[in-house]
Student: 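Let me give you the structure first, and then I'll get to my questions.
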Amino acid sequence: MSFTKTIQSAAIECLEELYGNKFSEKDFQVNETKVEFKGDYTVVLFSLLKPLKESPENLGKKLGDLLIKKHANLFSNYNIIKGFLNLSLSDDSLLNLLKENYDDVCFGKNPLNHKKVMVEYSSPNTNKPLHLGHLRNIFIGWSVSEILKANGNEVYKSSIVNDRGIHICKSMIAWQEFAKNATPQSTNTKGDHFVGNYYVKFNDEYRKEVKEIVDEGKPEAEAEKEAPIMKKTQQMLLDWENGKPEVIELWNKMNGWVYKGFDETYKRLGTDFDQTFYESKTYILGKEFVKKGLEDGSFYKKEDGSVWIDLSDAGLDEKLLLRGDGTSVYITQDIGLVKQKFEEYQLDESIYVIGDEQIYHMNVLKEICRKLGMTFTDKIFHLSYGMVELTTGKMKSREGTVVDADDLIDEMVDTSKKHTEDLGKVKDFTEVELKELYETLGLGAMKFYLLRVDPKKRMVFNPEESIDFHGFTGPFIQYTYARIQSILRKTGELMNNDQWGMYNEKPLLEKLFPLERSLITFLEKYSNIISQAADELNPSVIANYVFHLAKTFNSFYAEHSVANAESEEKKLLRLQISVMTATVIKSAMQLLGIKVPERM
RNA sequence: GGCCCCGUAGCUCAGUGGAUAGAGCAACAGCCUUCUAAGCUGUGGGUCACACGUUCGAAUCGUGUCGGGGUCACCA
């Protein structure tokens, strides 16, 4: 049980003994004591004053006295300022916590709760390479999955690949018309980039054709419909849904190129999935639903053959489910996939990591499920994250301002290489070790930069700031870890069991210094932090915590020597603090998908 | 226009009912013969968009105003 909870229940018990009133956790707060006051935890008394008809001074004194009397091992003393009862934990209670947990690599994680959760993330289109926005999505999805696991859930990571639809046909048409049978191999281009180039080519060509028609005097809306290349694309989508062999063959070939490219990027990012769904399969399920919905009257057909649902009673609009020509739209396969997920995996919750511009879309999806009487509607959760913007404004593919994922990774790894070479601390590393270190640091910086902000909020990507390796960054925390490992290497001879055993049996004679206290109390909070991050589906909670932990350790490091401590006891105590700090840093960083190096 | 999100230091962000609102970056001043200076210590920087309300107590909750963004496609 955490200190906060222990103190709260102790206070509830004492209050009942003193006044006979039964209080619950909601009736008063236990907070961390602010640094400018003496104490570790604070019972806020204000809300208790009225029901108990007491003054803050009297209540504080009575409660403080009884708490200390009943829990002499937990508390050392207390003070009262206004309505705040500040309690100081005893050195013994902190030392016990340290002794019991310092080498527990699972410290802070919660036991299994048998809840099955699926997290869907990344979900790329197969017509263009991954960009900065995908990176935020991927990092959030992966990290949230790990956090949920650490909190005791059984987690399935999944991805839905948008491998079909009009946009896919666009790059196919462009390749057919302009590529002259070029391939990623023949042009030495990564597959996803190769296909992406033809998607761009399509748009260039399309704009050109539209302009020509407009110049002939037709209105733009009409021109957009009439452009020959667009007509070809629409025909290709129809051919695709009808299974025309040469179209399917082309589609398979080009998607294959893209998947190869994606796999390379995922591998480098250290991202994985337990299950990959393909829209080309799920849209068929969706179509069956539309058929069923038509039969039972949930949906209706318009004159042109298109199928609709009316959601106006739920405050939403009429939504198209199937085009007049029978081809399906974005939402069609979503309906199919929702059901497949819940039935195959018996999920208790299904989390979708999707941008906040799709909030409306997800509301529509839920509403359709509700109308169709699906029981799992309320287990669908949209983790909507904010757009990543550039300092110059929004990313727009048409204006070429999209930050490409692969380019960005290269840049971050190059930067870490440059910093490392400038500092010259690892000159004895082999080529392979160096390469691994650069990846660890570069990716660490990038992941931390994107995860340190609350997912729900929009964020600004500042290139200069993102390659900064000082302060609130991944490398700062990695550096702290490497420093601790350095201490442990140098004091390695002390780590044998006899020494630890001696220390564990002997009481510590000297008092804990403030920084030693803050480190232990801060380490203790890790479990609460994991729970909070899991409840909020928010990796930034972990990022902020682990930064603060590293920061505190660095202050401790500057103030107190471990290897040359004042006494053998202090040395062992500080080694335990160091070991536990390193363990928690490693564990927390792992929840963010970030590796920590032994040296840097 | 309807619905939704956001507004905290020069910039990027924490803090979501408690004490004198915090970090990082940027600026300035110090600290390496002692465990890694990718570090540490200090200084300056705030009408928490604005107004009213609820409360013993509001950056945090409510209402309204202003400002920014998203969305309301036979795009995904």
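If you're wondering where the values come from, they're calculated on a predicted model, not measured in any experiment. Sequence lines set the chain letters: A, B, ... in the order given, protein chains first and strands last, and positions in each chain run from 1.
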Student: Give me the one residue out of A:Phe469, A:Phe547, A:Tyr481, A:Tyr449 that meets ring pair (Phe, Tyr, Trp, His ring centres under 6.0 Å) with A:Phe476.
Tutor: A:Phe547
Student: Using the rule for Phe, Tyr, His and the six-membered ring of Trp, do A:Phe46 and B:G18 stack at under 5.5 Å and under 30°?
Tutor: yes
Student: Expressed in angstrom and rounded to an integer, what is the separation of A:Asp454 atom CG from B:C6 atom C1'?
Tutor: 11 Å
Student: CZ of A:Arg452 versus P of B:C25: gap in Å, rounded?
Tutor: 10 Å
Student: Report yes or no: is the ring centroid of A:Phe84 under 5.5 Å from the six-membered base ring centroid of B:A19, with the two planes under 30 degrees?
Tutor: yes
Student: Considering only heavy atoms and no angle criterion, is a donor-acceptor pair shorter than 3.5 Å present between the side chain of A:Ser540 and the base of B:A14?
Tutor: no
Student: Are A:Lys490 and B:U36 close enough that a side-chain N or O sits under 4.0 Å from OP1 or OP2?
Tutor: yes
Student: Is any NZ, NE, NH1 or NH2 atom of the basic residue among A:Glu439 and A:Lys447 found under 4.0 Å from an Asp or Glu carboxylate oxygen of the other?
Tutor: no
Student: Would you mind calling B:C32 syn or anti? Take O4'-C1'-N9-C4 for purines or O4'-C1'-N1-C2 for pyrimidines, and syn is within 90° of 0.
Tutor: syn
Student: With respect to the side chain of A:Arg483, which nucleotide from B:U16, B:U12, B:U36 is positioned closest?
Tutor: B:U36
Student: Closer than 4.0 Å, any side-chain N/O of A:Ser555 to the OP1 or OP2 of B:U41?
Tutor: yes
Student: Between A:Tyr557 and B:G39, do the rings stack, that is, sit under 5.5 Å apart with planes less than 30° off each other?
Tutor: no
Student: Round to a whole Å and report the spacing from CD1 of A:Ile81 to P of B:G57.
Tutor: 21 Å
Student: Could you please name the option among B:C4, B:G24, B:C75 that lies closest to any side-chain atom of A:Ile359?
Tutor: B:C4
Student: Assert yes or no for the condition that the ring centre distance of A:Tyr545 to A:Tyr526 is strictly below 6.0 Å.
Tutor: yes
Student: Does OP1 or OP2 of B:C56 have a side-chain N or O of A:Lys50 closer than 4.0 Å?
Tutor: yes
Student: What does A:Thr420 touch in the nucleic acid at a heavy-atom separation under 4.0 angstrom: a base, only the sugar-phosphate, or nothing?
Tutor: base
Student: Base of B:A19, side chain of A:Asn86 - is there a donor-acceptor contact under 3.5 Å?
Tutor: yes
Student: For A:Phe429, is the NZ or CZ atom of A:Arg599 found under 6.0 angstrom from the centre of its six-membered ring and inside 45 degrees of the ring axis?
Tutor: no
Student: I want to verify a distance call: between B:C75, B:U36, B:U71, whose nearest atom is closest to the A:Arg489 side chain?
Tutor: B:U36
Student: What nucleic acid atoms does A:Val44 come within less than 4.0 Å of, heavy atoms only: base, sugar-phosphate, or nothing?
Tutor: base
Student: Side chain of A:Lys34 only, heavy atoms from C-beta on: which candidate in B:G17, B:G22, B:A76 is closest?
Tutor: B:G22
Student: Given B:U36, B:G68, B:A14, which nucleotide is nearest the side-chain atoms of A:Tyr479?
Tutor: B:U36
Student: For RNA chain B, what dot-bracket results from Watson-Crick or G-U pairs at under 3.5 Å, with [ ] for crossers and | for inter-strand partners?
Tutor: ((((((((.[[[[.)..(...]]]].(((((.......))))).....[[[[[..)....]]]]])))))))....
Student: Base, sugar-phosphate, or nothing: which does A:Thr42 touch, judged by heavy atoms less than 4.0 Å apart?
Tutor: base
Student: Among B:C35, B:U12, B:A76, which nucleotide sits nearest the side chain of A:Ile166?
Tutor: B:A76
Student: Looking at every strand, decide which applies to A:Tyr330 at a 4.0 Å heavy-atom threshold: base, sugar-phosphate, or nothing.
Tutor: base
Student: Using the rule side-chain contact (heavy atoms from CB on, under 4.5 Å), only one of A:Tyr278, A:Tyr283, A:Phe277 pairs with A:Asp163; which is it?
Tutor: A:Tyr278
Student: In terms of side-chain heavy atoms of A:Val453, which of B:G18, B:A14, B:A19 is nearest?
Tutor: B:A14
Student: State whether A:Lys551 places a side-chain N or O below 4.0 Å from either non-bridging phosphate oxygen (OP1 or OP2) of B:G24.
Tutor: yes
Student: Nearest to the side chain of A:Glu465 - B:A76, B:U36, B:U12?
Tutor: B:U12
Student: Any side-chain N or O of A:His361 under 4.0 Å from OP1/OP2 of B:A76?
Tutor: no
Student: Between A:Arg458 and B:C13, does any side-chain N or O lie under 4.0 Å from OP1 or OP2?
Tutor: no
Student: Reckon A:Lys82 has a side-chain N or O less than 4.0 Å from the OP1 or OP2 of B:G57?
Tutor: no
Student: OP1 or OP2 of B:C75 sitting under 4.0 Å from any side-chain N/O of A:Arg164?
Tutor: no
